[in-house]
Every structure is written in C-alpha cells, then in structure tokens.
Student: 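Got a structure for you, questions after.
By convention in this document, chain letters (A, B, ...) are assigned in the order of the sequence lines, proteins followed by strands, and residues within each chain are numbered from 1.
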Number of protein chains: 2
Amino acid sequence: MTVPSPEHTADAAGSDDAARPDDVAPLEDVVQIRRSMPQASVERLPGYLRVLTELSSHGVTSASSQQLAELAGVGPAQLRKDLSHLGSHGRRGVGYDVDTLRERVQTALGLVVELPVAIVGAGNLGHALANYSGFGARGFTVVALLDASPALVGTEVAGVVVEDVARLAEVLRDLEVAIVVIATPGDQAQRVCDVVVGAGVREILNFAPRALHVPEGVELRSVDLGSELQILAFHSRERSGRPQG
Amino acid sequence: MTVPSPEHTADAAGSDDAARPDDVAPLEDVVQIRRSMPQASVERLPGYLRVLTELSSHGVTSASSQQLAELAGVGPAQLRKDLSHLGSHGRRGVGYDVDTLRERVQTALGLVVELPVAIVGAGNLGHALANYSGFGARGFTVVALLDASPALVGTEVAGVVVEDVARLAEVLRDLEVAIVVIATPGDQAQRVCDVVVGAGVREILNFAPRALHVPEGVELRSVDLGSELQILAFHSRERSGRPQG
DNA sequence: AACTGTGAATGACTTCACAGCC
DNA sequence: GGCTGTGAAGTCATTCACAGTT
C-alpha cells in the first residue's frame, strides 16, 4: 500500500525513518475515497429502484415514504434518510413523485448506460447466471463467458460463445468489460481475480467460496451460497437447542 | 407510526412451541430473541469454518489469530473477538488448535447433523442450486425440489424428482425440512413464502428479487444477484463520473 | 517473547422527534 | 392535517491497546 502524501513531509525525503518512533501522522488516513453516501444506504438503493419501477409500471405516480418503505421492507425514516443523500426530491405534505425519483435513483446507480459484464466459470452456477434474465432486465449485458474446460470452450450459452479462460485479460480489454463475475471453483478464484485486476477491472462479484484479496481501490463483493445456509443453520440451532454446546 | 405486524398465520402443528406467555409487554422491547452473539459475528463464522477446514485438511494443527484472519480476510482483533463469543479456545502465547476450533465453530453453526433443505423453483437458478456441490459438502442435503410448471414436475434433477408446488406444505412436513430456498420468479415469491411459514419452517433463503415479509421469529435472508451488480455499478460510476448527477 | 481475551474508545448506522413546508 | 428532511440521540460494530497467560 503506497500512500503518496506530499504534504508536511517535505524535508523527510532523505531519511526514510526505519525506526519510526512516536509518529504523529497516520499516513493511511489521507487516502479517503470520497464516500458521498454511506455504504449501507447504497446497498438499499437497488431495492428502492425495484419498488419504484414496479409502482411506475402499475401507473402509480406518487407515493409517501411510508408506502415505499413498506414495499421495500425498511423503516420510513431510514428510507427518507437514504434518499436525502441523493438530494431533496420529495414534496413535504405530499410524498415523492415516483417517476422522478426512479430516474434519480437509477442515475445514482450508474445505470444510464448498459454495463458490459463478463462471467468466468461456465459450470452450473455460471451457466445459470448467464441465463438469468434479471441481469439483462436491470441494466447489464453479459458480453463474455469464459471457462477452463475444453469441453465447454466453443459451445454457446445464452447467446454467447464460451471463451478459453486463458484469453481472459485479452477479452476483458477488447470488450471493455466493467464488471466481472467469478463463478469458478474455489481453488481457481484468486488466480482469476488477479488476472481480472491486472486487466484493469475494478468491480468484481465473487461467488466462489473463498475470501479473495484485492488491492486498494477495487470493489469486491462476495456471495457464498453455502455460508448463507450456515448462517440460517446457526439461528435454527439457537432456537431449538440451548445456546452454547 | 403504525407498524402492522399482526400476522400470525394459523400455526396448526404447534405442540411443543408453547413458549409464549401473555406478556403485556409495551412494544418492540420484549420481543428480543436472545442474541448470544452479535449478528455480524455470526455472519463471519462460515468463513472461519471454511478456513479451519482447509487448514485441517492440509495437516495444519495450530494457527494464530493473525494467520487465520489473513486467510479469512478480516482483522486479527475482529477474529479474536468473534471467537471469544464461543468461549475461550485459544492458548495465550501459542494460538488456536485448528481441529478443536473447527469442531467448536461447526457445533455453534448447528452443523452436527445434516439439515434437510427444500428448493422451490426449478428454473435456471433452482436447477443450478440443486446441482451445487457446495451444499452437500457443507452439511446440507437437498431433499426436495418443487416447481409450478407441469413440464418440470416429475422430471429428475440432481437425484431428486421435481414435485408440484401445490404439494409444498405437505412435502415440507413429510420430510421435516429445516430450511427452504426460494428461487421462483418474483411475483410468486411472497405466496410461496407464506405457505412455507405456514408449514412451520422458520429459516428461509430468498433469491427472488422481492422484499419478502415474514412474521416475527422467522429468519429470512435475501440474495439478489441483480442488486449486487447494481451496487458495484454505483461504485463504478462514483469513480469515473463526478458525484451527483 | 508471543499471543489471546477483553474493556474502553472509536466509528458506523439506525431511529427518534420535530422544525419546516405544502 | 400530512409529510419530508435532518440534527440529535441511541444502538450496534469495529478497532485499539494492554493486562494476563503460556
């Protein structure tokens, strides 16, 4: 982690202290990605967008925070605070204009243009993801599908020809892929991840059951189906058995 | 503030579940499931279990919080605090015994016995989930797969014959299903969910792109693939474009 | 000397409650 | 009257830092 901080350390160029006594300046703090919105709020925006899209398609033009929150499964105060980070778009005493707000949320989420997605791993899960209509319906296009198995390379899945994963970096650059979905077995995930990062992609969604390491500045989200079940199992046990074994 | 949660679906088979005295409790305060462990810690346990299992299979018998944390992708202090909720199992000056700790975490997660899982929806996703080896490998058995489509009912997927979703409640009770995975289209998810809850199942994993409502006491986790991509898209935009549109 | 376990400090997120506007 | 937008208060989670143990 290299942190260039050309501020008050002007004369310290020669003596790069190895001992480092009681240093007063925590250097790592300087690099702050400007978080215009709390992460927790960002994670709820897609839910709001879904609700707004649904209402809009049913011809509803206006809704209160109460109604929207109910549909999205959150509290009204939380929804209002989340939306307030996008600016004021409601009308006091009235509510929110559904279409205006929908566009606003959509813009905030960067869904103005279709984003090209590549899926690595064409096994069970990769296959299902490529066919998943939810992607196309929500602003993403699967432009590439890659796998290591010679049996799969060259076959067509969901209208896309499966490429050899050896060509990964090349494909990512040629197609200007914005987001990569990793759906490989666990033991290949980190290697694939490194290649993806090396190719300049900075948004990764990982389905492999491994903790992946990415450099600063790369956004990684992980979904592990097995873990989800295990978390549920914890609560199941907490209920029926007594706590602590 | 009207919080409508009067749903108490007629739980017919409630014989041993008599732990509900008539408390004149004020509001939200009383309905506290005894959280022996913070939810955030629970959500990290599966990751620790995976690391411990891996180390164990490689013949490693001991590890420090530093090492475990690195592999799990968290900080050492956080890992220690998480594990402390399970009791003291490390040795100061030494570290943790891998096998002992693995068993302890496994027990805490309720994975002593195989838990029977049912999947509702045998489309792309349900199909992939049924075939997903990660489930079987981590303490779960898919005992039923159900769908509404006559074309699918009766076919065999992953060694299980697809049942008609009309028989859902019956199947759940007959097979004593502990956890239900909902992988239906969004517009059927709440209906399925209600049946599942009515049948007495209290752990639900939802993949449908809808916010589901469940009564108090039912644990619901939702994974929405489209939302995950949208969250990544947000960060992608935050980087390249200027903030606020 | 090395490392855990944990109170205390900090930080993040949620909820409250009300001023301001329609 | 109804509803949003938001500072303030409250709750939950992470990180620090060190006493305690081997």
Side-chain angles (χ1 to χ4, degrees), chain A residues 22-24 26 28-29 32-45 47-48 52 60-98 100-101 104-105 231 244, chain B residues 1-3 5 26-45 47-48 52 60-98 100-101 104-105 231 244:
Chain A
D22 283 353
D23 207 305
V24 274
E28 289 135 358
D29 282 350
Q32 280 290 32
I33 296 176
R34 183 178 11 203
R35 274 255 145 69
S36 59
M37 194 174 198
Q39 174 66 12
S41 294
V42 173
E43 297 186 353
R44 281 185 294 267
L45 286 186
Y48 301 155
L52 290 165
V60 178
T61 60
S62 176
S64 67
S65 65
Q66 180 81 231
Q67 299 171 302
L68 293 175
E70 164 69 16
L71 291 170
V74 302
Q78 182 159 83
L79 179 133
R80 288 202 302 277
K81 184 153 284 239
D82 286 343
L83 294 182
S84 78
H85 293 295
L86 301 176
S88 293
H89 293 276
R91 288 230 303 262
R92 298 180 192 229
V94 180
Y96 298 89
D97 179 83
V98 169
T100 305
L101 189 56
R104 187 66 195 81
V105 174
I231 294 164
Q244 301 294 335
Chain B
M1 183 172 94
T2 45
V3 177
S5 61
L27 285 176
E28 308 100 345
D29 277 342
V30 150
V31 209
Q32 281 291 32
I33 295 174
R34 183 179 8 209
R35 277 252 144 74
S36 58
M37 195 174 198
Q39 174 66 14
S41 295
V42 172
E43 297 186 353
R44 281 185 294 269
L45 286 186
Y48 302 154
L52 290 165
V60 179
T61 61
S62 177
S64 68
S65 65
Q66 180 81 234
Q67 299 171 300
L68 293 175
E70 163 68 16
L71 291 169
V74 303
Q78 181 159 85
L79 178 132
R80 288 203 301 277
K81 185 155 284 242
D82 286 343
L83 293 182
S84 78
H85 293 294
L86 301 177
S88 294
H89 292 278
R91 287 230 304 263
R92 299 180 191 229
V94 180
Y96 298 88
D97 179 83
V98 169
T100 305
L101 189 56
R104 188 64 196 82
V105 174
I231 294 164
Q244 300 293 336

Student: I want to confirm an ordering. Mapping Gly93(A) and Arg92(B) to their closest nucleotides on DNA chain C, which one lands closer to the 5' end?
Tutor: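 Going by which nucleotide is closer to the 5' end, it is Arg92(B).
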Student: Relative to the 5' end of DNA chain D, which residue comes earlier, Arg91(A) or Lys81(A), by the nucleotide with the nearest heavy atom?
Tutor: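 Looking at the nearest nucleotide for each, Arg91(A) comes out on the 5' side.
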Student: In terms of side-chain heavy atoms, does Glu43(B) have a donor or acceptor partner in Gln39(B) at a distance below 3.5 Å?
Tutor: yes
Student: Between Tyr96(B) and Gln67(B), does a side-chain contact (heavy atoms from CB on, under 4.5 Å) hold up when you go through it step by step?
Tutor: CA-CA 10 Å; Tyr96(B) 298 88; Gln67(B) 299 171 300; over 6 Å; no
Student: Whole angstroms only, please: what is the CD-C1' distance between Glu43(A) and dT14(C)?
Tutor: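 In whole Å, dT14(C) C1' lies 15 Å from Glu43(A) CD.
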Student: Rounded off to whole Å, could you give me the CG-to-C1' distance for the Leu83(B) and dT14(D) pair?
Tutor: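 Distance check: Leu83(B) CG to dT14(D) C1' gives 15 Å.
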Student: Taking side chain as C-beta onward, heavy atoms only, is Thr61(B) less than 4.5 Å from Val98(B)?
Tutor: no
Student: Between atom CD in Gln78(B) and atom P in dT6(C), what is the gap in whole Å?
Tutor: 16 Å
Student: Pick base, sugar-phosphate or nothing for Arg80(A), based on heavy-atom distances below 4.0 Å to the nucleic acid.
Tutor: base
Student: Does a nitrogen or oxygen in the side chain of Ser65(B) sit under 4.0 Å from OP1 or OP2 of dT4(C)?
Tutor: yes
Student: Is there a side-chain contact between Tyr96(B) and the phosphate of dG5(C), meaning an N or O under 4.0 Å from OP1 or OP2?
Tutor: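 Tyr96(B) to dG5(C) OP1/OP2: side-chain N or O found under 4.0 Å.
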Student: List the residues meeting side-chain hydrogen bond (donor to acceptor under 3.5 Å, both in side chains) with Tyr48(B), not counting sequence neighbours, and say none if there are none.
Tutor: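 Once residues adjacent in sequence are excluded, the partners of Tyr48(B) under the side-chain hydrogen bond (donor to acceptor under 3.5 Å, both in side chains) criterion are Asp82(B).
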